[in-house]
Novice: 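So that we are looking at the same thing, I have put the structure below in structure tokens.
Throughout, a chain's letter reflects where its sequence line sits, starting with A, and its residues are numbered from 1. Because the structure is predicted, anything quoted here is derived from the model rather than measured.
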Amino acid sequence: MALPLPPGLNHAEVAFLAEMEMVTVVPRQRLESIDLLSGKTPPLRPPHRAELPLWLALLLKKQRRANIVPPPWLHPSSLTSIIHRETKEDPITFSPPPPPPAHANPHSPGTARRLHEEANLSSPFLPSCTASAPAGYLPYHWLEVAEALLTHAGDDMPAAAGDVRSLLRDLVEVRAAKMRSSTSALEGFGGGLMSLRGVGAMELAESRGFVLGVVDGVRKIGASAEAARREEEEMGGGGGEESDEDMGI
Amino acid sequence: MSYYDIDSILTDAEKIPCTFQLEIPELGYLDNQPGQPLKAGSKIALPLWLAEMLAIANTGGDDQAKSFVTFDLPAALSNEVVQALKADPRAVPLRDQSPHLYGLATHMMDLSEEQELGVVLRKTFVTRASEIALHARKVGGTGHNKGTADEGSNLGVGGAGEEFLRGLEEWERKLFRKAHDGAKAGKEWMENVKKR
């Protein structure tokens, strides 16, 4: 008997993982460095900003020991531009994930290079929710972090939390509709592909069952045609090899 | 597909029209003529598993090997249905044709080459899938309005699109279930964030 759990992470697990994201805080009190499993936190010296994991930042926020600086992409203007891009400019694909942090050389303009070029940076190791994150791009954990910040640090938002929240709801709806319609890309014979680039963790958790179901169904429907095609190819391939051998002789 | 997969068993029990190629004694009762031999060429609907066996097995006689039966596509996959699906996949209640239409179709495609059927079914499945997801999300109220506590329950199926949802066949029902579970879990999480 298999585990009754569906494959993949559920919402609570995704939200838990999102708490590992680094956010920028403005401390109100001094706090010495804490020795955590993932390394030492920077010592907090008001009013200097520091980067802490989201869970710790939320804890300090609840104790009124720090204010959280919301990431730039959570600003209403950034959200509005993302919604505009998702609906008007590119109504099919999702908006791209944030680019890897780049390093511009002020002495030779136009030659910006990636920081840490050799390292292949991805979600948890990219500082995508700090104050230095680029605006206009949604990071992997956008929905979870945004919800957590709106709920627990609503007074730190650059605009009224309600406005941000309604923009966020619009974005969720737009992207959910995209997720639904993106399955129609599987219609083409054999070459059906769904691009999930730029889709957030929470959206994946929500749509995983559905998307996998559709892909599996398409696979089952096409299974016999695929088997026939393979057989044909094998026959053709075998013939080709034979002729090659003939040529060799 | 596991041995105990109830859907697979039910799919195998679907009747498909077969034509007997040989005269078989004492089987006339299948054709409402008890006590008489079953004539060659008589058409009888047999369950898929039996038809498959009889069609593949040959009689093994000295003369040229001939299978017991030949089968046609069942009514659920007839040309009329395929044409209707081509016209508008959403308008056809697949469940009325057969509750296991896709399973039946894939089985039939394994047995005989049906290129066009495969293409039409793929289009149907994909087109209906996005419609299913839409309904699955709608069910139980949208995220905007604050309703009663049991808003996210599975009992909320109904309202608009009821007609379409009634026409879903088993594969699609499973898909609906998955899509709905995902949307429901998302909504529950969204509401729980505020409580913590």
Novice: Select one option (side chain, backbone, both, neither) describing which atoms of A/M202 are under 4.5 Å from chain B's heavy atoms.
Specialist: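 The side chain, not the backbone.
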Novice: Donor-acceptor pairs are to be reported for all side-chain atoms of residues 76-84 of chain A against protein atoms at under 3.5 Å, with residues two or more places apart or in another chain.
Specialist:
| residue | atom | partner | partner atom | Å |
| --- | --- | --- | --- | --- |
| A/S77 | OG | A/H75 | ND1 | 3.1 |
| A/S78 | OG | A/W73 | O | 3.1 |
| A/S78 | OG | A/G136 | N | 3.0 |
| A/T80 | OG1 | A/P76 | O | 2.4 |
| A/S81 | OG | A/S78 | O | 2.9 |

Novice: For the CD atom on B/E80, are there more than 12 heavy atoms of other groups (residues, nucleotides or ligands in this structure) within a distance under 6.0 Å?
Specialist: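 Counting other residues, nucleotides and ligands, CD of B/E80 stays at 12 neighbours or fewer.
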Novice: Is there side-chain contact between B/M109 and A/I221, with at least one heavy-atom pair below 4.5 Å?
Specialist: yes
Novice: Please report the closest heavy-atom contact between B/W189 and A/A15, naming both atoms and the distance.
Specialist: NE1-CB, 3.4 Å
Novice: Show me the pairs that pass ring-ring contact (aromatic ring centres under 6.0 Å, His included) and involve residues 70-102 of chain B, at least two apart or across chains.
Specialist: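 Matches after skipping sequence neighbours: B/Y102-B/F125, B/Y102-B/W171.
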Novice: Measure B/A105 against the heavy atoms of chain A and call it side chain, backbone, both or neither at under 4.5 Å.
Specialist: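 For B/A105, neither part sits under 4.5 Å from chain A.
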Novice: How many angstroms lie between CZ in A/R208 and CG in B/D181, if you round to the nearest 0.5 Å?
Specialist: 14.0 Å
Novice: More than 12 heavy atoms of other residues, nucleotides or ligands under 6.0 Å from CD of B/E116: is that the case?
Specialist: no
Novice: What is the minimum heavy-atom distance between B/V193 and A/H152, and which atoms define it?
Specialist: O-NE2, 4.1 Å
Novice: Would you say CD of A/Q63 has more than 12 non-hydrogen atoms from neighbouring residues, nucleotides or ligands within 6.0 angstrom?
Specialist: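 Yes, enclosed.
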Novice: Nearest 0.5 Å, what's the CG-OG1 distance between B/N192 and A/T151?
Specialist: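 Those atoms lie 11.0 Å apart.
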Novice: Please walk me through it: do B/K187 and A/H11 pass side-chain contact (heavy atoms from CB on, under 4.5 Å)?
Specialist: CA-CA 10 Å; B/K187 209 177 293 167; A/H11 289 76; over 6 Å; no
Novice: Find the one option among B/T124, B/L117, B/D110 whose heavy-atom pairs under 4.5 Å with chain A are most numerous.
Specialist: B/D110
Novice: Check each atom of A/R165 against the heavy atoms of chain B and say whether the ones under 4.5 Å are side chain, backbone, both or neither.
Specialist: side chain
Novice: For a 4.5 angstrom cut-off between non-hydrogen side-chain atoms, does A/R180 reach B/E131?
Specialist: no
Novice: Got a second to check how far B/K178's NZ is from A/S207's OG, nearest 0.5 Å?
Specialist: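 Output value for this atom pair is 13.0 Å.
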Novice: Salt bridge check: are A/E206 and B/K184 linked by an N-O gap of less than 4.0 Å?
Specialist: no
Novice: Please examine the side chains of A/E147 and B/M190, heavy atoms only from C-beta on, and report whether any two atoms are closer than 4.5 Å.
Specialist: yes
